[in-house]
Every structure is written in structure tokens, then in C-alpha cells.
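Naming convention: chains lettered A, B, ... in sequence-line order (proteins, then strands); numbering from 1 in each chain.
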Amino acid sequence: MAREKKKEDSFFDLVHEVARLIPRGRVTSYGAIAKYLGTGKSARVVGYAMNAAHTSKFRVPAHRVLNRNGLLTGKHHFGSPDEMQKLLEKEGVKVIKDQVQDFKEIFWDPNTELDL
DNA sequence: CGATTGACGTACG
DNA sequence: TCGTACGCCAATC
């Protein structure tokens, strides 16, 4: 009765929330989010959670989450692989050959930005 | 309940 | 410097 809504405390929601906190025009890495969530070395779980982002009721800007190399590793998981790059460029992020330019300059680290 | 997978990361050769 | 192997944690089958 009291549970009118199922609270999804899954790791997914945690990643989804952080992903939504990413400012427009900024990008982050799976490892950064993983560390922020406490997963630490298991950046894989973050990527896995991103896969579930599609199932989240909220819109998760997964296109702002890249791997440690600033490479659009998960572009294939979008409706269209070109859409991810298109979205990033639309936000002012230059992407060449699936590689984000000035990745370290637009890199948004939740551990630094949120803990500031 | 056990084995496999996964949008990563780091270490080693 | 580049390529390959392993580890890590959680979800899914």
C-alpha cells in the first residue's frame, strides 16, 4: 500500500543521477563516475548501468559519458551511432573520428565538481 | 543459485 | 610505444 512506487535503488539509478548532473557541453568518464559512486575500479558496472539508462524513466545523457580515452565507446548503443557524436557536437563538444577533442579540458569530474 | 557478460581500467610483456 | 591479459562489481540468463 505505502509502496505506490517501486524505488529502484539499483546501481543504475545512481549512475543515472550522476549522468544527469553532467553540465551541457561537458563530458566525463566511466571511471570517474565509478569512483564517485564508490565502485572504484569497477568502471564496467558504470557502463553496464549506462546500458540500463535506456530503461530509466529519466533521460540520461549517456552521450556525455565516454571512456578513459575520451572515445565514444558506447555510441553503438544509441539509436544511431552517429547520433551520439551529433549530440555532443550540438552541445559544443568537438568529436573527430569518435574521439572527443580537448577531452581533458571539457572533462567533468563529479569527484571534483560536486565535492568542491 | 551458478556461470556469463559488459558502454572500463590498469598492469605487464 | 603498442598489444594482450587480467581484475573488478553488478546484473542478467
For the base of C/dA10, is there a side-chain donor-acceptor partner from A/Tyr48 under 3.5 Å away? no
For the pair made of [atom1] in [X] and [atom2] in [N], what is the distance, rounded to whole Å?
{"X": "A/Gln99", "N": "B/dA7", "atom1": "CD", "atom2": "P", "result": "19 Å"}
{"X": "A/Asn69", "N": "C/dC2", "atom1": "CG", "atom2": "P", "result": "12 Å"}
{"X": "A/Tyr36", "N": "B/dG9", "atom1": "OH", "atom2": "C1'", "result": "21 Å"}
{"X": "A/Leu37", "N": "C/dC8", "atom1": "CG", "atom2": "P", "result": "19 Å"}
{"X": "A/His54", "N": "C/dA11", "atom1": "NE2", "atom2": "P", "result": "19 Å"}
{"X": "A/Asn51", "N": "C/dA11", "atom1": "CG", "atom2": "P", "result": "13 Å"}
{"X": "A/His76", "N": "B/dG6", "atom1": "NE2", "atom2": "C1'", "result": "15 Å"}
{"X": "A/Tyr30", "N": "B/dG6", "atom1": "OH", "atom2": "C1'", "result": "11 Å"}

Base, sugar-phosphate or nothing for [X]? Non-hydrogen atoms, less than 4.0 Å.
{"X": "A/Ala49", "value": "nothing"}
{"X": "A/Asn67", "value": "sugar-phosphate"}
{"X": "A/Phe11", "value": "sugar-phosphate"}

Is there a side-chain contact between [X] and [Y] (heavy atoms, below 4.5 Å)?
{"X": "A/Leu71", "Y": "A/Phe103", "answer": "no"}
{"X": "A/Leu114", "Y": "A/Trp108", "answer": "yes"}
{"X": "A/Pro110", "Y": "A/Val18", "answer": "yes"}

I want to verify a distance call: between [options], whose nearest atom is closest to the [X] side chain?
{"X": "A/Val45", "options": "B/dA7, C/dC9, C/dA11", "value": "C/dC9"}
{"X": "A/Lys41", "options": "C/dC9, B/dA7, C/dC8", "value": "C/dC8"}
{"X": "A/Ser42", "options": "B/dA7, B/dG9, C/dC8", "value": "C/dC8"}
{"X": "A/Arg68", "options": "C/dT12, B/dT10, B/dG6", "value": "B/dT10"}
{"X": "A/Ala43", "options": "B/dA7, C/dC9, B/dG9", "value": "B/dG9"}

A/Ile33 and side chain to side chain contact (heavy atoms under 4.5 Å, CB included): which partner among A/Asn111, A/Asp109, A/Thr28? A/Thr28
Could you tell me whether the side chains of A/His63 and A/Gln85 share a donor-acceptor contact shorter than 3.5 Å? no
